[in-house]
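Per chain, numbering begins at 1; letters A, B, ... match sequence-line order.
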Amino acid sequence: MARRRIDLSGLNRGQRRAVETLTGPLLVLAGAGSGKTRVITYRIARLMETGTKADRILAVTFTNKAAREMQGRASKLLGKRPKAAKRPEISTFHSLCVRILRRHIHHLGYPNKFAIYDGNEQDSLARAALRDVRVGYEKLRPGELLNAISGWKSAGLTPAQAEEVADGDKEELAALAYAKYQAAIRACGAVDFDDLLLLTEQLFSEHAEVRFMEAGRFDHLLIDEYQDTNAPQYRIVKALAGAHRNLCVVGDDDQSIYGWRGADVTHILSFKEHWPDATVVRLEDNYRSRESILELANTLILHNATRHQKVLRAFRKGGEPARFIRYEDETAEALAIVTEIHAALGSESDDRALASDYAILFRTNEQPRAFELELRRAGIPYVLVGGMSFYDRKEVRDILAYLKILANPSDEVSLLRILNTPARGIGASSITALLEVAVAEGRSLGQLLPEAHQYDGVPEAAARRIRGFLGLLEDYRQRIATGSLADTLKDLIAGVDYKKEIERLYKNPGDVQTRLNIIGEVVSSIAIYEERTPNPTVEGFLEETALAGRDDIGSDDGDDRKQRAVTLMTLHSAKGLEFPRVYMVGMEEGLLPHGRSVADSAGIPEERRLCYVGITRAQDHLTLSFAKARMKWGKSRASIPSRFLFEMRGEAERAGKAAAAYAEYAETVRSEFAAREEAKAKKKKRTRRITKKARSSRPETEAPKRRKVASPETAATPGRLPVQARQPQQTDTKPLQELDPATGSRQRALGSTRTAQSPTPPEGQVPSAQSPPARPTSNVKDADLDTPAQASLLGISQSVAPTVERISLDAGLSSNTAATPTDGPDRPAKKKAPAKKKAPAKKKAPAKKKAPAKKKAPAKKKAQKSRSARSNLR
DNA sequence: CAATACGCCCTTTTT
DNA sequence: GGGCGTATTG
């Protein structure tokens, strides 16, 4: 192997040190954008250069995407190597565990061919468990139960231990249900995501020989995103690295945002204590964001007390100040932002933006709705990351359930799912009867099926069909073991006439077609798998799909589209990514510090980190927006600007006021809630009898959970762009009509969209005319954050008197130059030449032109402008 | 047994 | 506002 010196000259001091410290424990505190992945890949390359064999290196990440990226960058750095050359093992925690378990899980009494249950299947099990414990969902919802179980599992508690620890009615019930759940999943020969880690850990602690064998496979261990490790992961790492101690962990405590799911920041905070001789390297040079953006991040994160101290230094100085914008409500927010993006995409200038430059980041999954709608209307391609995944669709789950049953006959969840899907005359009553027998005799449903005819509750006809069904499965089970996977699957789908089922379910021909296409994609994905895998098996395919999660199926296709699309995603899924232009929307109390996190003290710091993550995604442009009011529970409610907006600007006092205002608000909500609970409790008594009677209800057909997609052809699934067919110019209203029955609002927005879309607007000024909300931040003043309404919420109406005028002037939307002189107070020496210039030129002039007579000259108007953005457009 | 209607409940983040 | 589950009806 030609040994070539890896060139380290492009690395800064810290990076070089991290790359060259090759033995012993090493902690790399890598701030956002500090070249973390680079360090890891260089380090791998260095290791190999100094004689470590590739396959003696294990790098662990949390996501497949990260693993893939690392793999790609490492091989690039290593240059051309013989095809057969070993590669470093780079995988996620979960897939690493799967591999280990596949080899040894039989020691723990599980079949080596165990199935992996994802959220949907867990949901089914949770419901069944709750039925078993005779708890109505109103007492404890499946989701809550799963959360509890996951919490216990992450803490390493068995059901028995959980029962001891459980405190209060709810938890005790949950602990009981946990026992049922665990028994059920085990009986299915399946494991869930948490089990993957737990069982691996158990394997290591109970079977030393397994631990030796697995740990002995590697001499060097790298863990990425170490701040996200939970307890089992931590112990697995320890077990693997304990002997050689060549453990390099990389992470950033300031980006720890998965505490809610068991990640424990203390792992990274006290690494030095666990490994006293550890070298610690800090990477604080940020190459991603402009200085103006980093300042906000640095200032914000200072509000967290417990952290490794570090300050991001901007490599890229200057930059446009971030913008802070207030809107009337979430609709206005979406409309204005989309309009702005649309204008930028359509502009003829050299610096024309690409859709892929943009990311819209939000906290909760309901927020993107408004944006999707507007983006569709504007004909801008977008990708909603993390929405309904391909694998969450009913059709896909059905088909996969067939495959799962073929692979693992004891998989009861899948069995129940397909037993009567497509409808084959095995009715709910028959199934219930069988399930009762199964429970009574302690046998599995699968075992009972062949003798179904013996039982009373099962009519002759049903028994016959069950027999037919079993025969069919047996048939395909044999075929798939020997023949081509894809072909067999195709035959299977035809054999059960799934198409007919779809036609029965959906009467709209468009719907039917998209569902059929989806099925086609499943088939082709198995074909792809089959093609590129040496020894393809059903199990292998299923494993891939289970672990792939939200990654797309036809990845090339997906990537290609993503390249031309605006990205919509949660702050959580944005971690690790970067975009030239970032919008952080819904920056409001209750949303960004999320309502549920405000209660417990650990909550706020994590929310703050989440905000920090969001800010540090932006390379050049950052816009933070919030609404004055927002729909919640079908009602419009006043919003309070997020305390983080103030914190990041160094306005601690106002941040405190925002927090206090929210606390007060939360208090009223809580009493409302309590009242409702009470009413509910009364009712429950009545309902209970009924529920009990009905408790043996039929198995789940579908575990819904995620929201449905608006319309098939515009379905926004990852990797599947909604409007790709429509050009921006088109103003075909029909699809829209279908999309949105709420015609009223449709028309309104449509009108505006049309304006925005007119291809060659007079004077070519579309952009500015269309971007009313855009405003240079040099203008950002109190005005942007306090309207009279907000000010009173914050209890500061008087004190901000000087700004009140500007407040109404701006009302969060208008872009005027009035503020220029006031630049001083807030961010004194900060304005950039470019910003200044842009403000007047770009904003004002065009706005007048294009905007219909309604808009007045910017400078003098006050209150009436608060709505200007919308009304102008209409 | 399926389709429809009504009413209740909710709203965090996900490998 | 909307999705889901349950009840009711044919």
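Residues meeting the ring-ring contact (aromatic ring centres under 6.0 Å, His included) test with A/Phe204, sequence neighbours left out: none. Partners of A/Glu543 under the side chain to side chain donor-acceptor pair (under 3.5 Å) rule, at least two apart in sequence or in another chain, are A/Arg102. In this structure A/Phe644 satisfies the ring-ring contact (aromatic ring centres under 6.0 Å, His included) test with no other residue, sequence neighbours excluded. Residues satisfying the side chain to side chain donor-acceptor pair (under 3.5 Å) criterion with A/Asp228, sequence neighbours excluded, are A/Lys575. Applying the side chain to side chain donor-acceptor pair (under 3.5 Å) rule to A/Tyr258 yields no partners; only residues at least two apart in sequence or on another chain are considered.
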* Asked: salt bridge (charged side-chain N to carboxylate O under 4.0 Å, His left out) between A/Arg376 and A/Glu372: does it pass, once the steps are laid out?
  -> CA-CA 6 Å; A/Arg376 262 184 231 155; A/Glu372 283 189 83; 3.4 Å; yes

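The distance from atom CE of A/Met587 to atom C1' of B/dT12 is 16 Å, rounded to the nearest whole Å. Rounded to whole angstrom, the span from the CD atom of A/Glu330 across to the P atom of C/dG1 amounts to 11 Å. Atom P of nucleotide B/dT12 and atom CD of A/Gln367 are separated by 12 Å, given to the nearest angstrom. Taking atom CZ on A/Arg630 and atom C1' on C/dG1, their separation rounds to 15 Å, with Å as the unit. Per the geometry, CD belonging to A/Gln255 stands 16 Å off P belonging to B/dT14, to the nearest Å. If you take CG of A/Asp228 and P of B/dT14, they are 13 Å apart, rounded to a whole angstrom. If you take CD1 of A/Ile604 and C1' of B/dT12, they are 13 Å apart, rounded to a whole angstrom. For the pair A/Arg369 CZ and C/dG3 P, the interatomic distance rounds to 6 Å; values are reported in whole Å.
Comparing B/dT12 with C/dG5, their C1' atoms are spaced 23 Å from each other, to the whole Å.
Put simply, A/Asn147 has no side-chain N or O that comes within less than 4.0 Å of OP1 or OP2 on B/dT13.
Checking B/dT13, B/dT12, C/dG1 against every side-chain atom of A/Trp260, the shortest atom distance belongs to B/dT13. Candidate nucleotides C/dG1, B/dT14, C/dG3 were compared by shortest atom distance to the side chain of A/Asn365, and B/dT14 ranks first.
With A/Leu240 as reference, A/Leu96 is the one residue of A/Val60, A/Leu96, A/Ile223 to meet the side-chain contact (heavy atoms from CB on, under 4.5 Å) rule.
Using a 4.0 Å heavy-atom distance criterion, A/Thr570 is classed as a sugar-phosphate-only contact.
Of the two residues near DNA chain B, A/Glu607 and A/Leu197, the one whose nearest nucleotide lies more 5' is A/Glu607.
Residue ring and base: A/Tyr258 does not count as stacked with B/dT14 (centre distance below 5.5 Å and interplanar angle below 30° not both satisfied). Taking the 5.5 Å centre cut-off and the 30° plane limit, the aromatic side chain of A/His572 is not classed as stacked on B/dT13.
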Review item, nucleotides 1-3 of chain B N/O atoms under 3.5 Å of protein N/O:
| residue | atom | partner | partner atom | Å |
| --- | --- | --- | --- | --- |
| B/dC1 | OP1 | A/Gly427 | N | 3.0 |
| B/dC1 | OP2 | A/Ser429 | OG | 3.1 |

